[in-house]
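Below is one structure; the comments refer to it alone.
Proteins come first, then strands; the chains are lettered A, B, ... in the order of their sequence lines, and each starts at number 1. Just so you know, these numbers use all the heavy atoms, side chains as well, and skip hydrogens, waters and symmetry mates.
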Number of protein chains: 2
Amino acid sequence: MSTHEDGSFTYRYPHPAVATDIAIFTLREGRLAVLLIERGEEPFQGDWALPGGFLRPDEDLISCARRELCEEAGVEAPLLRQFGVFSAPDRDPRDRVISVAYLALLSSDRLKPQAGSDAADARWFAVADLPALAFDHRQIVEAALAALRSVAEATDILLDLMPARFTLTRLQAAYEIVTSQVADKRNFRARVLESGLLQETEDMERGPHRPARIYRRV
Amino acid sequence: MSTHEDGSFTYRYPHPAVATDIAIFTLREGRLAVLLIERGEEPFQGDWALPGGFLRPDEDLISCARRELCEEAGVEAPLLRQFGVFSAPDRDPRDRVISVAYLALLSSDRLKPQAGSDAADARWFAVADLPALAFDHRQIVEAALAALRSVAEATDILLDLMPARFTLTRLQAAYEIVTSQVADKRNFRARVLESGLLQETEDMERGPHRPARIYRRV
DNA sequence: CACGTTAGTGTAATTTTGACACGAAGATAG
DNA sequence: CTATCTTCGTGTCAAAATTACACTAACGTG
């Protein structure tokens, strides 16, 4: 911006609206799921959409994303990562809207009762089985998934999908669900243990089989 | 955006201006350089700034970036990569401005005579020796450099810094300048030749020493 | 034709990655 | 109480990728 021809250039054209959309994922019933809000009014009434909303004058974009996630979905988001900007002139039929998209992960033990204060309804949908999405939100979800998968293989981001305490088998399952590829058990365990990000606890998860050691984040 | 409480939410608050800024880099005299435009008016009159400008109603952001780069700096940009969004409420003293930042590379044989049609003056500055920058453009340049370095090690992006025909020694020099670390000559050559991105030409670059094979992109 | 300068090349050591199978521990049912 | 079922937890070896390393070749110049 800012190096424009004259001081009033800012006003030569109408300003677009600026909004954030948040693609927040979790694991539910062994599938990767994304949080969607049901639209109560036109356009796209009855369709589902990513949580999000318009930027306010006194906040920056990430604050906007965090606020909207909280207001619409009752979710106290952990880390938000900006992964794209959507700016096609006709992406919103009412008005010109630029959307800055954020990616978030929610650990599977904190799936709130979906008490979206603002939105009509909020639900988790398996990404393999999405309903009709409003606007270009299908495209945004696809971009979010691509971003998630590409960082999942290179970072510790998947720990954000885990509850506070978990077994290595569950962590590996999360990895396999997100990347859609199976991992070797021994290699996987060696890798994550050497990373130093996990701490062994004293406790074991029990079941009709040999108990599994429970770990937590360092 | 879009899943807001009522249909007029868009207008509850004034819309911010939306702009693009472009950090375009090249190699000059063995140093990495970024293109800056001298500001002709307040605020920050006399300071230098990244090329960029406001989004028009009929274009998307990447088109805006391409257009501004052309108008202000006379540069026909190659590939533009979006790497960040800057949204601090007070980043422009006049008005609320959201800036979407793009990264570009220019091959060193196409440094146009800087005929920025719009801007007062346009010059390349070595990134190690930047002047006072307007707005938060120092921060944007730092973010662009970080993005450039992180992709340089993992992609073929550095070929965009090369002229049409170049020697492997010059390509390696570009790599070393951008990453700030020396590479082993034999390993570097083996790697880029095996990548299949380069094609040997018949020609040699001559000098007071053994001639060097000239390559070009496939 | 001797010297200075940069180009060009291969191999061995090390590290990293990937493949692979079986005994251990507890729950349950007969 | 013992047999069975299920999941847990573990180490080694081969292959591949990466890194380290040094000398001769080719040309220009004086």
Side-chain angles (χ1 to χ4, degrees), chain A residues 27 29-30 108 149-156 158-159 162-217, chain B residues 27 29-30 108 149-156 158-159 162-217:
Chain A
L27 293 176
E29 298 160 13
S108 46
R149 289 184 175 126
S150 83
V151 301
E153 310 204 5
T155 75
D156 56 340
L158 289 187
L159 290 177
M162 291 288 107
R165 300 158 58 78
F166 52 89
T167 67
L168 295 187
T169 297
R170 287 190 191 281
L171 179 60
Q172 182 172 350
Y175 179 87
E176 293 180 342
I177 289 166
V178 171
T179 64
S180 301
Q181 57 190 13
V182 298
D184 177 86
K185 188 183 196 177
R186 283 176 283 197
N187 296 340
F188 182 85
R189 295 163 95 91
R191 192 151 43 82
V192 302
L193 290 178
E194 279 166 23
S195 77
L197 295 166
L198 298 191
Q199 182 154 35
E200 196 174 297
T201 71
E202 295 304 307
D203 304 326
M204 310 293 279
E205 181 176 273
R206 318 192 80 81
H209 50 72
R210 175 172 175 177
R213 173 71 58 187
I214 293 176
Y215 291 80
R216 59 182 179 81
R217 306 184 67 141
Chain B
L27 292 176
E29 300 160 11
S108 45
R149 290 185 174 125
S150 83
V151 300
E153 309 203 7
T155 75
D156 57 341
L158 289 188
L159 288 177
M162 291 286 109
R165 300 158 57 79
F166 52 88
T167 67
L168 295 187
T169 298
R170 287 189 191 281
L171 179 60
Q172 182 172 348
Y175 178 86
E176 293 181 342
I177 289 166
V178 171
T179 64
S180 302
Q181 57 190 12
V182 298
D184 178 86
K185 189 183 197 178
R186 282 175 283 200
N187 296 339
F188 181 85
R189 295 162 95 92
R191 191 151 42 84
V192 301
L193 290 178
E194 278 165 25
S195 77
L197 295 167
L198 297 191
Q199 183 155 35
E200 196 174 297
T201 71
E202 295 304 306
D203 304 324
M204 309 293 279
E205 180 175 274
R206 317 191 80 81
H209 51 73
R210 176 171 175 175
R213 173 72 59 188
I214 292 177
Y215 291 79
R216 59 185 179 79
R217 305 182 69 137

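Between A:A152 and A:V178, the shortest heavy-atom distance links the atoms CB-CG1, 3.9 Å. Considering every non-hydrogen atom in both B:R216 and B:A164, the closest pair reads CB-O, 3.3 Å. For B:L27 against B:S108, the heavy-atom pair with the smallest separation is O-CB, 3.5 Å.
Close approach of DNA chain C to chain B, defined as any atom under 4.0 Å from a non-hydrogen atom of the protein, starts and stops at C:dG4 to C:dG10. Here chain A contacts DNA chain D (any atom closer than 4.0 Å to a heavy atom, that is under 4.0 Å), and the contacts span D:dT6 to D:dG11 from 5' to 3'.
Where A:I214 and A:P208 each meet DNA chain D at their nearest nucleotide, the meeting point lying more 5' is that of A:P208.
The salt bridge (charged side-chain N to carboxylate O under 4.0 Å, His left out) contacts involving residues 196-206 of chain B comprise B:R165-B:D203, B:R170-B:E205, B:E200-B:R213, where partners must be two or more places apart or lie in separate chains.
Taking a 4.0 Å limit (strictly below) on heavy-atom distances, residues 177-204 of chain A reaches DNA chain C at A:D184, A:R186, A:N187.
Among residues two or more places apart in sequence or in another chain, the ring-ring contact (aromatic ring centres under 6.0 Å, His included) test is passed with A:Y215 by none.
B:T169 comes within 4.0 angstrom of the backbone, heavy atoms only, and of no base.
Atom CG of B:L158 sits about 7.5 Å away from atom CE of B:M162, to the nearest 0.5 Å. Distance check: A:F166 CZ to A:Q172 CD gives 13.0 Å after rounding to the nearest 0.5 Å.
Atom CD of B:E29 sits in a sparse spot, with 12 or fewer heavy atoms from other residues, nucleotides or ligands closer than 6.0 Å.
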Which donor-acceptor pairs under 3.5 Å do side chains of residues 185-195 of chain B form with protein atoms, sequence neighbours excluded?
| from | atom 1 | to | atom 2 | distance (Å) |
| --- | --- | --- | --- | --- |
| B:N187 | ND2 | B:D184 | OD2 | 3.4 |
| B:S195 | OG | B:V192 | O | 2.7 |
| B:S195 | OG | B:L197 | N | 3.2 |

